[in-house]
Amino acid sequence: MQEVTPQSYTLVITGAPYASQAPQTALEFARAARASGHRIKRVFLYGDGVQLASALTAPPSDESHWPRVWAEFLTSEGIPGIVCIASALRRGLVDENERKRHELTASNLRPPFIIAGLGEWVEAQRGDSRVLYFHGAR
Amino acid sequence: MQEVTPQSYTLVITGAPYASQAPQTALEFARAARASGHRIKRVFLYGDGVQLASALTAPPSDESHWPRVWAEFLTSEGIPGIVCIASALRRGLVDENERKRHELTASNLRPPFIIAGLGEWVEAQRGDSRVLYFHGAR
Amino acid sequence: MSRTLIIVDTPPYGSWGGREALDMVFSLAAFDQEVSLLFLDAGVHWLRKGQAPEDIRQKSAERNLLAAPVFGVEALLADDGACQTYGLSEDRLLDGVTRVTADAALLAGFDHIAFAS
Amino acid sequence: MSRTLIIVDTPPYGSWGGREALDMVFSLAAFDQEVSLLFLDAGVHWLRKGQAPEDIRQKSAERNLLAAPVFGVEALLADDGACQTYGLSEDRLLDGVTRVTADAALLAGFDHIAFAS
Amino acid sequence: MHEIQTLHIVNKAPDHPRFRRCLAMLAPGDTLLLIEDAVLATGLKALAADVPCLALAPDLRARGLEVSTGQRIETTDYAGMVALTAKARRVISW
Amino acid sequence: MHEIQTLHIVNKAPDHPRFRRCLAMLAPGDTLLLIEDAVLATGLKALAADVPCLALAPDLRARGLEVSTGQRIETTDYAGMVALTAKARRVISW
């Protein structure tokens, strides 16, 4: 067996579930990376990818529930899931803070996802973690 | 001035706001159609287009608020705005009924939009109204 | 009765447009409307035999399509040129698919023509 | 310090990918990171002078880009071939844009290369 | 009696597969309407359409484009778009 | 010391402009990885890539595709994809 130098990854998901395959590919990648002894430092949702953090998704019971499966993975592995605030607000994804600030009727962010700025992504970009993107197909 | 035979239109929007131009083009079309004496029988949101019915969108204040502008237009013109239930549930858009049925933490459908099945679209397709589609660009 | 053609030009699994096109087709058929499906360009990949999407955790597009005649869908049409481009020979194509040349003459036979996205 | 190249290959207004690419660029610049923007294929339309999107109720992509040097963005690069394809001659291009040939040699100068979508 | 057989409305950029497909499907009696990103085709050297072709003016202006007289492309606005759909026997949104 | 200069990961169908652009940007020392809709390129008569080329097996299987021996395309799985990214100096997701 080949020696593996452990790496630290930041995964950026820009494709939405039920519109692209991005969240599924990213999850299989993350699982394989963990199984190979690598670290996932954080997962960052950007653009249409923020839909993965919705608490209100209810797909047919014979289809994968990507937001739930991702949330469980992040929780069990202790990986921070960060949702870009600018992308989220344009697409109707808000936590309790943003609900209050914008006087909205409800919040719909699924734990353990949290909302933060692009600074979190810049941090990854300039640090020593490898940044990998998972885009939509169209 | 040319004689205009009044037409009845069903508009199907499949492109999301803040991801495509579809909701904007559809709105300008609808306004122009009304101004020309035509009737908009219904607006049907399908696929990614269902995001237009989100009650939780909070775009930057210097950008158009497409869900709000569309909701106001539908209300003032008395046009039914129908959101495809299958598309909506996969993308985290639910009314009070669906919230209860799927035991979710909140609902986020913006009035006057209502949730219904594709039967509403079939109705338009086989009736005498002209069905026009507004897709995303990618 | 009016005739509808729904067109799919995106491949299965990578995006959802095709699935939502199929939902439209089955809805029309359920309400006894005459409806056909045309697979065009990269969309012809919906029609390849032997799809096994278990490992990417999606439902089989192939199985989904096999139900089409049962539900009363008039025809499954595949653009011949696209099949050739992607090496989709007759023996690799799902049963019950008709190869056609997708041109203006084909479209002329339908009253409504729509994409799902 | 690492050098980042953000690539935009979609035109402005019809979709949002380009805007979100710009947000990435401005964020990197705000944190004093070396970042350049490359406009490729249909993306070169971001660089045309005289954009007036008031009637489609969007913010001007052109004005957005004019702020780039002020914010410390290293360079605005446009693929020469794409400019020629779309008839974007020198006099129609925004000021401060450098025409380049987008090839492997150009990419080799950057540590990180990303699309926004 | 319809003045237009099929009105083809395209909103995709010229490098999108569906844009090319739409051009290949035009028939005599049809009309082509370019909206959103599709108006970028007016900047191309040649747009091989043998049918009447119009482009939506608000989308042209947004993108800094003008239609030159040699191009045989007319411009229209949203009211014109409505009129075209009303005159057509069928509309296909590509 | 990196075994791969740039790992190019493409997920777009072969008729997508970004797929073609990716092929045009390959350099010696690079590796091309086809995932999602990009694996459809293995069905094309010729895939003009002068660098090592791999396709993700779960995506091939999903689409009913097999790589023939004449194609000079290897298959890999998610663990192989991870290993490729770890071996590359840079990764570009097209």
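Labels below follow one simple rule: chain letters A, B, ... track the order of the sequence lines, proteins then strands, and each chain is numbered from 1. Keep in mind it's a predicted model, so treat the numbers as computed, not measured.
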Q. Which of these, Phe44(A), Phe29(A), Tyr9(A), sits in a ring-ring contact (aromatic ring centres under 6.0 Å, His included) with Phe134(A)?
A. Phe29(A)

(Q) Does anything in residues 64-81 of chain A form a side-chain hydrogen bond (donor to acceptor under 3.5 Å, both in side chains)? List the pairs, not counting sequence neighbours. (A) Arg34(A)-Glu77(A)

Q.
What I want to find out is whether Arg42(A) reaches Glu123(A) closely enough, with some N-O distance under 4.0 Å, to be called a salt bridge.
A. no

Q. What option among Gly136(B), Gly47(B), Ala86(B), Ala58(B) has the most heavy-atom pairs under 4.5 Å with chain A?
A. Ala58(B)

Q.
Report which part of Glu98(B) has an atom under 4.5 Å of a heavy atom belonging to chain A: side chain, backbone, both, or neither.
A. neither

Q. Top residue by heavy-atom pair count (under 4.5 Å) with chain B, among Pro17(A), Ala55(A), Ala16(A), Pro60(A)?
A. Pro60(A)

Q) Restricting to pairs with a member in residues 80-102 of chain A, which pass ring pair (Phe, Tyr, Trp, His ring centres under 6.0 Å), not counting sequence neighbours? A) none

Q. Relative to chain B, which of Ala106(A), Ser54(A), Ser87(A) shows the most heavy atom pairs under 4.5 Å?
A. Ala106(A)

